[in-house]
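As the structure lists them, so they are numbered: ligands from 1, and atoms in each ligand from 1. Just so we're clear, the structure is a prediction, and the values are computed from it rather than from any experiment.
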Amino acid sequence: MEIGVRDLRMLFRFYEALGFDRLAVDVPEGLPGGGGGCDKEEGLKSLRAEIGDCRRCRLSEGRTNLVFGEGAPDARLMFVGEAPGEQEDLQGRPFVGRAGELLTRLIEKMGFSREGVYIANTVKCRPPDNRNPLDDEIEACMPFLVRQIEIIGPSVIMTLGSVATRALLGDVGSISKVRGKTFRYRGIPVVPTFHPSYLLRNPKSKWLTWSDAQAVLRLLES
Ligand code: SF4
């Protein structure tokens with residue numbers, strides 16, 4: 001039986017209204033959402049194993065822990081930051097310092113939990129003195145982020161700050177000009193916004209990030 005995409009959307013809304021948040025459907029392999037959460041979990045585990053004790057760039061020299069990323073392997077929403085900071089390096093988890101608390105509040109305000117989204121960085125090891133990662137370091141580490149995106153297959157990516165935005169989209173312009181707009185990375189909508197560290201220094205810009213988050217929510221609903 002053939003069913004229109006519009007009817008399908010109405011059907012999903014109907015089930016949602018009944019309180020279902022998951023439905024058992026057969027999604028062909030290769031489509032976003034296809035492959036199943038277990039396969040994605042396995043995919044991420046095997047990618048982490050492949051990265052191992054990576055020494056592909058100089059950032060390995062000063063790190064305490066490699067920060068792979070965390071969250072739901074089948075997340076519809078993925079956040080991509082810049083690089084681990086001090087706390088992230090010590091704990092081996094992304095966005096756990098003060099900037100992380102701010103990101104967590106944003107995620108929760110958007111109606112998600114940290115565990116329900118996926119959070120990763122452009123480079124997986126902390127740059128010395130929290131400097132920006134250099135081009136060759138980004139180039140060395142990007143294949144890992146690309147594979148994470150391929151495995152998770154999110155519906156929307158929110159890039160946090162100029163480093164992540166440029167890494168995924170190329171030179172599209174300054175973050176203050178491109179924030180809140182929708183770009184595409186391999187067909188996936190990408191909405192750039194400010195890095196939470198910037199918002200800690202410029203709290204008046206928080207409302208701009210909230211408006212960018214609403215653009216993300218509209219994309220997730222459409
Ligand atoms: S930043 Fe990436 S490429 Fe460089 S050592 Fe860490 S994991 Fe490897």
Side-chain angles (χ1 to χ4, degrees), residues 35 39-75 77-104 107 114-115 117-154 156-172 175 183 185-186 188 190-200:
D39 288 352
K40 292 179 182 205
E41 194 172 345
E42 285 308 312
L44 289 172
K45 272 190 197 154
S46 98
L47 174 61
R48 179 64 192 90
E50 197 183 304
I51 295 173
D53 184 33
C54 179
R55 303 278 159 190
R56 289 170 181 82
C57 85
R58 69 181 75 75
L59 294 183
S60 62
E61 292 160 19
R63 74 169 177 236
T64 312
N65 285 296
L66 188 152
V67 182
F68 178 68
E70 67 182 25
D74 58 353
L77 175 56
M78 181 167 179
F79 291 87
V80 179
E82 179 180 314
E86 185 185 15
Q87 283 306 313
E88 289 76 15
D89 174 63
L90 289 174
Q91 296 185 40
R93 296 180 56 210
F95 284 95
V96 287
R98 282 183 64 226
E101 282 171 22
L102 194 56
L103 177 64
T104 303
I107 291 168
R114 259 184 84 108
E115 297 73 32
V117 301
Y118 199 89
I119 306 171
N121 277 311
T122 307
V123 296
K124 313 298 185 206
C125 304
R126 183 190 181 200
D129 303 319
N130 290 343
R131 67 157 167 77
N132 282 357
L134 304 177
D135 286 349
D136 63 330
E137 294 158 356
I138 294 173
E139 197 179 325
C141 210
M142 265 308 277
F144 303 143
L145 176 62
V146 171
R147 293 270 300 284
Q148 283 175 306
I149 294 171
E150 279 170 1
I151 293 166
I152 295 162
V156 183
I157 297 172
M158 201 167 190
T159 50
L160 306 168
S162 57
V163 169
T165 303
R166 194 157 51 84
L168 281 187
L169 303 174
D171 198 2
V172 285
I175 191 70
F183 297 84
Y185 173 77
R186 298 187 178 187
I188 302 169
V190 176
V191 179
T193 194
F194 293 120
H195 193 282
S197 303
Y198 172 85
L199 296 176
L200 287 174

Colleague: List ligand 1 atoms under 4.0 Å from Cys141, heavy atoms only on the residue side.
Modeller: 1 (S), 2 (Fe), 3 (S), 7 (S)
Colleague: Quick check against the 3.5 Å criterion: does Thr122 have a side-chain atom that pairs as donor or acceptor with the backbone of Gly81?
Modeller: yes
Colleague: Which ligand 1 atoms, with their elements, are less than 4.0 angstrom from a heavy-atom of Ser60?
Modeller: 5 (S)
Colleague: Where the side chain of Glu88 meets the backbone of Gly100, is there a donor-acceptor pair that is under 3.5 Å apart?
Modeller: no
Colleague: Before giving the answer on side-chain contact (heavy atoms from CB on, under 4.5 Å), spell out for Phe95 and Thr104 the whole-Å C-alpha distance, their side-chain angles and the decisive distance to 0.1 Å.
Modeller: CA-CA 8 Å; Phe95 284 95; Thr104 303; over 6 Å; no
Colleague: Can you confirm whether Val123 sits close enough to Ile138 that some side-chain heavy atom of one is under 4.5 Å from a side-chain heavy atom of the other?
Modeller: yes
Colleague: Considering only non-hydrogen protein atoms, determine which one is nearest to atom 8 (Fe) of ligand 1 and report residue, atom name and distance to 0.1 Å.
Modeller: Cys54 SG, 2.2 Å
Colleague: Find all atoms of ligand 1 within a distance of less than 4.0 Å from any non-hydrogen atom belonging to Lys124, and give their numbers and elements.
Modeller: 1 (S), 7 (S)
Colleague: Just to confirm my output: which protein heavy-atom neighbour is closest to atom 4 (Fe) of ligand 1, and how far is it?
Modeller: Cys57 SG, 2.4 Å
Colleague: Nearest to atom 6 (Fe) of ligand 1, what protein heavy atom do you find, and at what distance?
Modeller: Cys125 SG, 2.3 Å
Colleague: Is there a heavy atom of Arg63 sitting under 4.0 angstrom from any atom of ligand 1?
Modeller: yes
Colleague: Using a 3.5 Å distance criterion without hydrogens, assess whether the side chain of Glu137 forms a donor-acceptor pair with backbone atoms of Arg58.
Modeller: no
Colleague: Using a strict 4.0 Å cut-off to heavy atoms of Leu66, name the atoms of ligand 1 that fall inside it.
Modeller: 7 (S)
Colleague: So do Asp74 and Glu41 actually touch side chain to side chain, heavy atoms under 4.5 Å?
Modeller: no
